[in-house]
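Input: a single structure, listed below in structure tokens.
On a predicted model such as this, the values are computed, not experimentally measured, just so you know.
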Amino acid sequence: MAHPSKPPHRADSPDPSAEPSHFRSDDELADEHLLREAERVAVAIGRMFPGLCEVVLHDLRQPHSAIRVIENNLSGRQIGDSATELGLRRIADPSYPSVIQNYSNQFPDGRPAKSTSIGIKNADGRYVAALCLNLDVSTLSPLSLTLANLVATEIEYRDEALETLRDRTERELRAVIDSFAAERSSTPRSLNRDQKRELVQQLHREGFFETRSSAQHIADRLGVSRATVYNYTK
């Protein structure tokens, strides 16, 4: 079977030919080469599982516009969207695991997904990219027992929401909540009433209530009702 010599060009993808090579260091050229090779892998995997497995290549050198390739777009994200939580963790910590495999995830419309995230390091040991596979298991889970292993997620990550495949605003909200709790050596649900009220009022001042779903998301994270959240804003 014939194979294309290179993946289709992505309009927002960095193009090494757009800048004369003498303006780039050897390290930058090497990193760009890694990304170009990873593009080929992302496109090939995506075309192997059309409509079933979303394949996303993140350029971790540009976290605010990280998505460089997205095949089988199931999450509604676009080229140039920001990195997920896993990408930000790898940027901050080169010792973060390079492979997080078979963890439970969810697309923005509620469909369950099984995900694997693969960090790609350069020769200096710094993460420059991440290849993420998000398998739509909503059509597979009702099938026979022979598909059970395909649908299953790793026990280690079953109860931990590692990332969200949606707009960054909600991720920022969750980060603020978790940070507030961590500073008090607690979890969001374990905060006492006064601490939860303080947190909600902080979120309200910082404009996190401007989106329609924010109150419900805050309520879910704190383990209280939506009405309680609104009472805490007073």
May I ask you to test the E37-I120 pair for a side-chain heavy-atom distance under 4.5 Å?
no
Looking at CD1 of I100 and CG of N102, how far apart are the two atoms once the value is rounded to the nearest 0.5 Å?
11.0 Å
Within this structure, what is the CG-OG1 distance for the pair L86 and T84, rounded to the nearest 0.5 Å?
4.5 Å
Do L74 and N134 pass the side-chain contact (heavy atoms from CB on, under 4.5 Å) test, and can you show the C-alpha distance, the side-chain angles, and the key distance before you say yes or no?
CA-CA 8 Å; L74 301 176; N134 303 308; over 6 Å; no
For K196 and L191, which heavy atoms make the closest approach, and how far apart are they?
CE-O, 3.1 Å
Side-chain donor or acceptor of D220 paired with backbone N/O of G223 under 3.5 Å
no
Less than 4.0 Å between a side-chain N and a carboxylate O, is that true for E32 and R61?
yes
I'd like to know whether CG of D26 has more than 12 heavy-atom contacts from other residues, nucleotides or ligands below 6.0 angstrom.
no
On a heavy-atom basis, which atom in R221 and which in P188 lie closest, and how many Å separate them?
O-CB, 3.3 Å
D136/E54 under side-chain contact (heavy atoms from CB on, under 4.5 Å): CA gap, chis, key distance, verdict:
CA-CA 8 Å; D136 181 359; E54 179 184 76; over 6 Å; no
Hey, does the side chain of Y127 reach the backbone of D93 with a donor-acceptor pair shorter than 3.5 angstrom?
no
N/O donor-acceptor pair under 3.5 Å between R126 side chain and P94 backbone
no
Between N72 (side chain) and L52 (backbone), is there a donor-acceptor pair under 3.5 Å?
no
Output for pair (R36 CZ, L57 CG), nearest 0.5 Å, gives 10.5 Å
Could you state the interatomic distance from CD1 (I67) to NE2 (H58), rounded to the nearest 0.5 Å?
5.0 Å
From L222 atom CG to T187 atom OG1, the distance as rounded to the nearest 0.5 Å
9.5 Å
Heavy-atom donor-acceptor pair, Q216 side chain to S213 backbone, under 3.5 Å:
no
Do the side chains of N122 and D27 get nearer than 4.5 Å, heavy atoms only?
no
Are side-chain heavy atoms of R47 and V55 found at a separation under 4.5 Å?
no
Would you give me the side-chain donor-acceptor pairs under 3.5 Å for residues 198-207, sequence neighbours excluded?
| from | atom 1 | to | atom 2 | distance (Å) |
| --- | --- | --- | --- | --- |
| E198 | OE2 | R184 | NH2 | 3.4 |
| Q201 | NE2 | Y232 | O | 3.2 |
| Q201 | NE2 | K234 | O | 3.1 |
| Q202 | NE2 | E206 | OE2 | 3.4 |

As a test of understanding, state which of P112, C132, S115, S75 forms a side-chain contact (heavy atoms from CB on, under 4.5 Å) with N105.
S115
CA sep, side-chain torsions, deciding dist, call: F49, L135, side-chain contact (heavy atoms from CB on, under 4.5 Å):
CA-CA 9 Å; F49 302 100; L135 181 69; 5.7 Å; no
Please determine whether salt bridge (Lys or Arg N to Asp or Glu O under 4.0 Å) holds for the pair R111 and D109, giving the CA-CA distance in whole Å, both sets of side-chain angles, and the decisive distance to 0.1 Å.
CA-CA 6 Å; R111 284 174 296 164; D109 61 5; 2.8 Å; yes
Return the minimal non-hydrogen interatomic distance between L60 and R90, and the atom names on each side.
CD1-CB, 4.2 Å
E85/L88 under side-chain contact (heavy atoms from CB on, under 4.5 Å): CA gap, chis, key distance, verdict:
CA-CA 5 Å; E85 293 91 336; L88 297 178; 5.7 Å; no
Measure the CD1-CG distance between I118 and L133 for me, rounded to the nearest 0.5 Å.
5.5 Å
Minimum side-chain heavy-atom gap V229-V224 below 4.5 Å:
yes
Of all heavy-atom pairs between I70 and R77, which one has the smallest distance, and what is that distance?
CD1-O, 4.0 Å
